[in-house]
Protein chains: 2
Amino acid sequence: MPSLTEQIERWLKEQLLRAGGNTLEIRRSDLAEIFACVPSQVNYVLATRFTVERGYLVQSRRGGGGFIRIIKLRMDLPEQLQGLLSRGIGESISQAQAEGIVERLWEEELLNGREKRMLEAAVSRETLGVELPLRDVLRARLLKAMLLALLGE
Amino acid sequence: MPSLTEQIERWLKEQLLRAGGNTLEIRRSDLAEIFACVPSQVNYVLATRFTVERGYLVQSRRGGGGFIRIIKLRMDLPEQLQGLLSRGIGESISQAQAEGIVERLWEEELLNGREKRMLEAAVSRETLGVELPLRDVLRARLLKAMLLALLGE
DNA sequence: CCCTATTTTGACCTTCCTTGACCTTCATCT
DNA sequence: AGATGAAGGTCAAGGAAGGTCAAAATAGGG
């Protein structure tokens with residue numbers, strides 16, 4: 001049985017597709033009611049599954065008439081990948097962030113399944129197996145170098 | 001009477017066959033309950049019976065909604081690649097050696113151009129950018145993990 | 001029977017998810 | 001403007017998985 005977080009994640013992505021557009025607006029309290037959970041559960045889902053790395057922008061407004069808006073960022077061109085390489089990936093990156101980027105590129109069909117798995121393997125804490133300040137630095141270098149290798153057809 | 005370890009091993013392999021696919025996902029705690037044993041017994045079975053040498057890859061996730069995933073590796077590949085993964089690549093490897101392996105796999109068409117470039121980027125001295133005893137160790141881990149990723153599914 | 005290798009257990013650790021108390025912002029009504 | 005209620009935000013504690021390691025138990029071979 002998928003976790004609540006996963007259920008909410010799927011539901012939101014489905015709504016995004018169904019709406020056809022790239023934007024979804026909903027009340028946090030409504031979502032919480034649909035899934036019979038506390039409202040802050042929604043914030044957890046947004047914070048872990050709809051990050052910028054994964055290609056989403058989340059906006060919101062408090063007070064009466066408040067809402068949460070999820071915007072799916074499109075990455076249609078390799079040019080954007082270049083942007084990712086030059087600006088998006090810094091000197092150091094966490095595993096979660098790196099996986100978000102890989103997940104997004106895969107969803108955008110800029111990577112196939114084999115390439116995705118290779119990147120995930122390379123970026124994994126376990127594979128790197130060194131302690132923390134260095135691990136994140138190494139991961140950033142690898143991710144950049146590997147993605148760059150894909151661009152240079 | 002077969003040992004607990006053997007019973008669990010058989011059961012898992014049977015489930016893998018039954019599912020038809022090459023992947024099985026299950027909760028460690030469920031498995032422990034089925035066989036009325038401590039959860040860590042499952043780890044022992046995985047560590048001794050579902051190793052890379054025996055043709056399996058094990059992945060997992062902790063926390064709520066956690067799971068253990070067993071992937072049966074493709075066995076239709078030349079012995080070379082499998083041999084490489086279980087014995088050929090040691091704890092440490094030079095750039096020249098690593099590049100030789102990648103080149104060979106590419107010539108045998110086990111890797112395409114994109115995959116070759118990703119691997120070369122990952123094993124490059126410049127990308128790794130750490131000093132020597134560690135660099136070769138890291139390279140060996142990356143090469144193994146990335147090639148292994150190609151054998152899943 | 002003894003010695004060794006393998007298996008079984010359990011205490012303790014890390015990661016990820018869920019919940020709830022408390023805080024901030026906004027629209028609207030006096 | 002000030003008060004009020006209706007949103008959403010934050011954060012820390014608790015819970016729910018799986019991981020690790022070493023000691024204890026057992027099985028097998030000589």
Side-chain angles (χ1 to χ4, degrees), chain A residues 1-12 24-54 56-71 94-100 103 120 123-132 135-136 139, chain B residues 1-12 23-51 53-54 56-71:
Chain A
M1 181 176 35
S3 70
L4 226 187
T5 293
E6 278 173 57
Q7 292 176 50
I8 297 177
E9 175 189 5
R10 279 184 213 162
W11 190 87
L12 287 171
L24 172 63
E25 226 168 82
I26 192 172
R27 272 171 216 236
R28 187 179 75 152
S29 54
D30 285 353
L31 240 191
E33 192 162 349
I34 291 172
F35 288 93
C37 65
V38 293
S40 59
Q41 174 77 44
V42 174
N43 296 81
Y44 179 75
V45 176
L46 294 174
T48 58
R49 308 296 209 263
F50 292 85
T51 61
V52 172
E53 295 85 34
R54 286 167 184 256
Y56 296 91
L57 214 56
V58 176
Q59 305 175 331
S60 65
R61 185 131 108 235
R62 304 186 183 192
F67 60 83
I68 283 176
R69 180 185 300 144
I70 300 176
I71 301 171
S94 73
Q95 179 166 339
Q97 287 176 313
E99 284 173 347
E103 176 75 16
E120 284 168 345
V123 128
S124 136
R125 191 179 351 247
E126 200 185 335
T127 300
L128 297 175
V130 295
E131 284 311 304
L132 238 194
R135 192 165 71 227
D136 283 2
R139 181 154 41 222
Chain B
M1 180 175 40
S3 71
L4 226 191
T5 293
E6 278 173 59
Q7 292 176 51
I8 296 176
E9 175 188 5
R10 278 183 212 165
W11 190 88
L12 287 172
T23 295
L24 172 63
E25 227 168 81
I26 191 172
R27 274 170 216 237
R28 188 180 74 152
S29 54
D30 285 352
L31 202 45
E33 192 162 350
I34 291 172
F35 288 94
C37 64
V38 292
S40 58
Q41 174 77 42
V42 174
N43 296 80
Y44 178 74
V45 176
L46 294 174
T48 59
R49 308 297 208 264
F50 292 85
T51 62
E53 291 80 9
R54 288 167 185 247
Y56 296 89
L57 207 58
V58 176
Q59 304 176 330
S60 66
R61 183 130 121 236
R62 304 186 184 190
F67 60 82
I68 283 176
R69 180 185 299 143
I70 301 177
I71 300 171

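Numbered from 1 within each chain, the chains take letters A, B, ... in sequence-line order. No hydrogens, no waters, no symmetry mates; every other heavy atom, side chains included, goes into these values.
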Below 3.5 Å, can you tabulate the donor-acceptor pairs from side chains in residues 63-70 of chain A to any protein atom, sequence neighbours excluded?
{"residue": "A:Arg69", "atom": "NE", "partner": "A:Glu25", "partner atom": "OE2", "Å": "2.8"}
{"residue": "A:Arg69", "atom": "NH1", "partner": "A:Gln59", "partner atom": "OE1", "Å": "2.7"}
{"residue": "A:Arg69", "atom": "NH2", "partner": "A:Glu25", "partner atom": "OE2", "Å": "3.1"}

Q. Under 4.0 angstrom, heavy atoms only, what part of the nucleic acid is A:Arg69 near: base, sugar-phosphate, or nothing?
A. nothing
Q.
Would the distance check show the side chain of A:Glu99 and the main-chain N or O of A:Glu120 forming a donor-acceptor pair, the cut-off being under 3.5 Å?
A. no
Q: Looking only at side-chain atoms of A:Arg27, point me to the closest of D:dG19, D:dG8, C:dT15.
A: D:dG8
Q. Just wondering, are more than 12 heavy atoms of other shown residues or ligands nearer than 6.0 Å to CD in B:Glu33?
A. no
Q. Counting side-chain heavy atoms from C-beta on, which of D:dG9, C:dC17, D:dG19 comes nearest to A:Ser3?
A. C:dC17
Q. Of all residues at least two apart in sequence or in a different chain, which pass the side-chain hydrogen bond (donor to acceptor under 3.5 Å, both in side chains) check with A:Arg28?
A. A:Asn43
(Q) If you only use heavy atoms from C-beta on, which nucleotide in C:dG20, D:dG8, D:dG19 is closest to the side chain of A:Ser29? (A) D:dG8
Q: Output the single nucleotide from C:dT15, C:dG10, C:dT19 whose closest atom is nearest the side chain of A:Arg125.
A: C:dT15
Q.
side-chain contact (heavy atoms from CB on, under 4.5 Å), that's the test. Do A:Trp11 and A:Leu31 meet it? Break it down for me.
A. CA-CA 10 Å; A:Trp11 190 87; A:Leu31 240 191; 3.8 Å; yes
Q: Take the protein atom CD of A:Glu9 and the nucleotide atom P of C:dT18, then report the distance between them rounded to whole Å.
A: 12 Å
Q) Please give, in whole Å, the distance from C:dT7 P to B:Leu46 CG? A) 13 Å
Q: Among the candidates C:dT19, C:dT7, D:dG19, find the nucleotide nearest to the side-chain atoms of B:Ile68.
A: D:dG19
(Q) Tell me the interatomic distance from A:Gln95, atom CD, to C:dT14, atom C1', rounded to whole angstroms. (A) 13 Å
Can you pull every protein N or O that's under 3.5 Å from an N or O on nucleotides 21-27 of chain C?
{"residue": "C:dT24", "atom": "O4'", "partner": "A:Arg62", "partner atom": "NH1", "Å": "3.1"}
{"residue": "C:dT24", "atom": "O2", "partner": "A:Arg62", "partner atom": "NH1", "Å": "2.7"}
{"residue": "C:dT25", "atom": "O2", "partner": "A:Gly63", "partner atom": "N", "Å": "3.3"}

